[in-house]
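In what follows, chains are A, B, ... by sequence order, proteins preceding strands, each numbered from 1. Just so it is clear, the values below take in all heavy atoms, side chains as well, and ignore hydrogens, waters and symmetry mates.
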Amino acid sequence: MATFFFLVAAILTVWGLYIGFFVAPTDFQQGESYRIIFIHVPAAWMSMLIYLVMSFWAAIGLIMNTRLSSMMAHALAPTGALMTFVALWTGAFWGRPTWGAWWVWDARLTSELILLFLYIGYMALRASIEDPRRGDRASAILALVGVVNVPIIYFSVQWWNTLHQGASVSLTKSPTMATSMLTGMLVMALAFWMYSIAVSLMRVRRIIRDREGNATWLSESSGVQ
Amino acid sequence: MYKAFISVLRKELLLALRQKTDVVTVLFFFLIVSSLFPFAVGPELNTLKIIGPGVIWVGALLCSLLALHRVFETDFNDGSLEHLVLSGEPLTVLVIAKISAHWLITGLPVVIVAPFIGLQFGLSAASLSLLLGTLLLGTPVLSLVGSIGAALTLGVRGGTALTSILILPFYVPVLIFGAGAVVADLQGLSIDGHLSILTAMLCLSVALAPLAIASAIKIALE
Amino acid sequence: MYKAFISVLRKELLLALRQKTDVVTVLFFFLIVSSLFPFAVGPELNTLKIIGPGVIWVGALLCSLLALHRVFETDFNDGSLEHLVLSGEPLTVLVIAKISAHWLITGLPVVIVAPFIGLQFGLSAASLSLLLGTLLLGTPVLSLVGSIGAALTLGVRGGTALTSILILPFYVPVLIFGAGAVVADLQGLSIDGHLSILTAMLCLSVALAPLAIASAIKIALE
Amino acid sequence: MLQIQNLSFARGKNVLFENLNFSMTEGDAMRVTGSNGSGKTTLLRIVSGLCRPDNGAVVWHGAVAQKNESEFVRSVNFLGHDDGLKKQLTATENLKLMLPLLGASPTDIEISAALDAAGLEAVKHKPVMNMSAGQKRRVALTRLDFMRHRVLWVLDEPFTSLDVSAISALVVKLRAHIESGGVLIFTTHQDFDVVPEASSLSLD
Amino acid sequence: MLQIQNLSFARGKNVLFENLNFSMTEGDAMRVTGSNGSGKTTLLRIVSGLCRPDNGAVVWHGAVAQKNESEFVRSVNFLGHDDGLKKQLTATENLKLMLPLLGASPTDIEISAALDAAGLEAVKHKPVMNMSAGQKRRVALTRLDFMRHRVLWVLDEPFTSLDVSAISALVVKLRAHIESGGVLIFTTHQDFDVVPEASSLSLD
Ligand code: HEM
Ligand SMILES: Nc1ncnc2c1ncn2[C@@H]1O[C@H](COP(=O)(O)OP(=O)(O)OP(=O)(O)O)[C@@H](O)[C@H]1O
Ligand SMILES: Nc1ncnc2c1ncn2[C@@H]1O[C@H](COP(=O)(O)OP(=O)(O)OP(=O)(O)O)[C@@H](O)[C@H]1O
Ligand SMILES: [Mg+2]
Ligand SMILES: [Mg+2]
């Protein structure tokens with residue numbers, strides 16, 4: 001199953017990058033450097049989405065005391081951290097030519113940085129508690145506390161006037177950018193989705209194997225495979 | 001409930017008085033360092049003015065951070081945390097009492113001392129009052145957020161280091177917006193953004209921290 | 001004797017690794033603060049150059065100070081200090097092992113990190129090597145003198161605060177001569193005085209501290 | 001009054017107990033026995049609501065304890081291996097600051113009298129850290145005098161460090177509590193029948 | 001071999017003992033009794049050289065112990081109320097790092113075997129802080145297996161927290177030490193004749 005998602009991800013990436021680098025027109029303000037957008041935006045979207053999904057599973061695990069959901073949360077964290085890192089790095093890389101600075105302390109950038117540290121903190125806390133169930137619960141609380149950060153990232157550009165660009169893709173308004181740019185971004189976003197699903201599935205399988213050994217309930221839920 | 005709040009607060013303050021802990025150290029140290037700074041940098045007032053808010057905020061941050069492990073750790077080790085949980089009073093209220101004590105011990109002294117240190121850095125009356133305002137908004141956030149970290153790492157090997165990894169990401173923005181507001185104001189820029197971010201942080205942490213901490217404590221005791 | 005030295009040293013280092021304690025916090029914090037300073041002060045290199053050595057020395061001092069209470073206090077509380085005394089090995093040797101561990105944990109990392117931070121402050125290669133020299137001379141003094149304070153206040157109510165009041169008067173001169181040497185050199189003044197004072201402090205504390213600490217420990221255990 | 005239903009708990013792969021069932025009513029006492037590490041402390045913590053079981057429930061007056069936790073907890077008086085004392089404070093200060101939290105508001109004179117009765121007259125104004133092991137334990141146990149309004153007493157090795165006279169004084173207190181309709185669960189490794197009327201539960 | 005001469009000690013105005021005299025030779029055991037706070041721990045600390053008496057002397061093999069302290073101290077094996085364990089380290093690490101200091105250099109295999117024999121096989125690689133009270137005490141007592149070269153054993157309430165089987169295992173160790181010519185001084189509040197051949201000294 002994971003292999004299938006990997007394959008789809010690879011195909012979509014190739015397609016998306018092709019649109020991004022060959023089809024989409026050169027931006028009249030920023031020139032070629034804007035093409036970072038095809039990685040930056042999908043990664044930034046995924047970083048927030050994965051965090052939400054992760055906290056959702058963590059909350060379910062905390063409230064219903066179900067092991068599988070905690071393990072799902074556990075498996076998502078590294079991918080989320082990777083996406084956040086990519087968003088930060090590409091953003092900084094992009095900021096240099098456009099804003100003239102790698103980094104400024106504005107609300108969106110700061111909150112995205114905090115997101116990275118939340119992922120890292122979640123993983124560190126999880127890893128340093130020996131009893132896996134206590135670890136699940138403690139890290140779930142951290143994840144839930146961090147959820148408030150996500151809307152802050154998303155809406156910060158509206159709440160505080162900053163250097164960073166506002167939302168240009170919206171379900172309610174018609175897009176303000178060239179169609180090919182939009183298609184490229186959406187295809188890349190889909191590719192990132194597929195990649196994340198593939199990696200998390202693989203990871204959750206390994207976690208289950210490590211933690212439960214040959215526990216009986218595993219065979220009942222082997223649909224995960 | 002009110003009685004429980006008061007009795008926890010009194011106990012914490014009496015303990016701090018007896019034990020003094022790192023707080024006095026850090027405060028003392030903070031005073032010495034911040035008074036030495038102007039000597040080191042020389043008397044050029046413009047430079048002093050710009051680094052002043054940063055130095056004071058760093059001091060506030062340190063005081064808060066270094067007293068954190070006392071908030072729950074000693075109670076956890078000597079068995080009194082269990083009595084708190086079993087008191088039957090709402091744990092969130094007791095937690096708020098403990099956090100208030102932490103702020104009274106680490107935040108308030110800094111706020112009180114800050115104007116004197118600010119003078120040494122040549123801050124004007126307007127800058128000083130702005131600095132005090134940001135400290136009053138920001139230091140409670142430090143106590144609240146810090147306590148979440150302290151509660152989550154109870155009974156964990158390498159707890160203190162982990163605490164700081166968990167909370168420094170939240171501490172640093174507070175510091176940046178707190179000190180940044182004063183500097184921005186000096187440079188004639190608008191500070192509304194800074195202040196509204198600080199206020200948002202305060203509201204959020206007041207609302208969330210006690211709940212998060214209460215659950216974290218229960219988990220640690222399992 | 002040599003074996004005892006090694007086994008104490010190994011134990012301390014393993015513990016530090018497990019427990020990480022405040023050391024990592026402070027080091028982490030030191031890194032953040034000292035990298036933030038250039039942002040706060042702005043890119044004017046001359047100012048940065050002058051405050052750089054001060055910031056780094058303050059960091060070194062903090063690291064040392066804040067890990068002090070771990071040197072003897074946990075051993076005192078959990079009963080292992082008694083085993084040290086009753087081991088029959090010369091207590092001074094064991095004490096030196098503990099102090100060495102403290103230096104390896106708090107002094108060495110600062111010495112290693114200092115050049116990188118120095119670069120951010122725009123220090124030249126000459127200044128950097130001078131800074132390293134003063135740190136190498138001075139940080140062991142901090143560990144030695146600090147441990148005297150830590151041993152003297154074992155089992156005393158409000159021990160930590162007392163420790164810092166006892167030792168800060170010794171810490172501050174180390175800081176002043178350490179950071180001062182680099183600044184004086186920048187300004188083209190002679191630094192012989194600074195260096196010889198630092199060296200004298202080091203010799204004196206190496207000679208006296210272990211003896212003083214060994215007696216202080218014995219008194220604390222009575 | 002107190003019913004334990006199908007309680008199970010495991011630490012990792014080490015199953016401490018499984019499907020434990022018992023019930024107690026007013027005036028009952030029970031001694032939990034078992035070798036070191038068999039799970040006595042863990043069971044006591046679960047019964048007093050400090051720890052969640054993997055399975056099963058603690059039922060108090062017909063209601064599951066976890067459901068209305070803060071109600072239940074107000075009926076519990078727990079004493080663990082650790083004394084729960086602040087070592088920098090004196091015995092008097094410790095009691096004065098802790099008891100109001102637990103729902104008792106004794107006057108200074110009452111506290112002082114209770115400490116005297118526990119044989120701590122000479123040391124009650126010393127910081128706890130300068131007391132002998134038994135004196136510390138006596139301070140912790142003085143709390144029991146003010147906890148009569150809490151019905152369920154859960155005591156983990158209360159006799160540790162106590163000398164013979166302190167042990168018999170404690171036994172008197174425990175008896176009085178049971179006779180006045182309290183419930184008592186305790187552990188001890190000491191090999192004597194402290195509370196002969198107590199039933200026994202072995203975890204081995 | 002060990003002579004206590006005119007020992008006196010007071011804490012402030014509280015005279016714990018005055019002009020205490022006794023002597024012990026190879027194969028002797030002595031149990032110190034007394035109520036809580038009577039000075040047992042203090043006496044044991046003085047005898048092992050941790051604490052200086054107000055008056056009097058501890059004489060070991062004819063020489064005053066304080067005079068050649070480091071010599072004397074190498075014959076003493078002291079275990080106090082506290083376990084002397086680092087809670088972040090595992091049982092194995094604790095022993096491995098502590099024993100060389102005390103003049104024993106066991107191999108890893110020996111340490112592991114000793115811990116297994118103490119019934120700690122399942123938990124020996126856990127940090128001490130995650131052990132039960134009795135398990136911790138067992139780890140501390142495992143040290144005794146490697147302390148046979150130290151003649152004078154001074155043990156302050158070694159039986160605390162131990163279950164019945166651990167107590168009898170400890171009694172066997174103590175007996176073996178005495179029979180091989182060691183000297184033993186210990187305290188316990190537990191009401192049984194652990195080492196029946198022990199003489200008794202009351203501090204009340
Ligand atoms: C380290 C620096 C940066 C960070 C942390 C960052 C973070 C983010 C995040 C979290 C989003 C997604 C939010 C949303 O969908 O509304 C985003 C979107 C975006 N970013 Fe950045 N960014 C950075 C730098 C930049 C730079 C330098 C530019 C270009 C000048 C840029 C342009 C954009 C654009 C165009 C979007 C898409 C907005 C939309 O259409 O919805 N970003 N960024
Ligand atoms: N560090 C200390 N500082 C001051 N007084 C102390 C200290 N330790 C013990 N004392 C006092 O000295 C007296 C004797 O204490 P010690 O610990 O020797 O008693 P003990 O016989 O071992 O009692 P227990 O049976 O409770 O262990 C007690 O009254 C105690 O309060
Ligand atoms: N905090 C913890 N984390 C992980 N494991 C623990 C923890 N506390 C106890 N254990 C383990 O759980 C088991 C039961 O411990 P518990 O303290 O309940 O035993 P006990 O019956 O009270 O023993 P004792 O007689 O020594 O007090 C032990 O094997 C112990 O190692
Ligand atoms: Mg127990
Ligand atoms: Mg004693």
Problem set entry | Residues E:Lys124, E:Asp116: salt bridge by 4.0 Å N-O rule | yes
Problem set entry | Under 3.5 Å donor-acceptor, E:Ser202 side chain and E:Gly34 backbone | no
Non-hydrogen atoms of chain D under 4.5 Å away: do they reach the side chain of [X], the backbone, both or neither?
| X | result |
| --- | --- |
| E:Leu162 | both |
| E:Ser161 | backbone |
| E:Ser35 | both |

Seminar exercise, completed: Quick note, ring-ring contact (aromatic ring centres under 6.0 Å, His included) partners involving residues 98-156 of chain D, not counting sequence neighbours, are D:Trp153-D:His177
Problem set entry | Sequence neighbours excluded - salt bridge (Lys or Arg N to Asp or Glu O under 4.0 Å) pairs with any residue from residues 134-154 of chain D | D:Asp83-D:Arg137, D:Arg138-D:Asp163, D:Asp145-D:Lys173
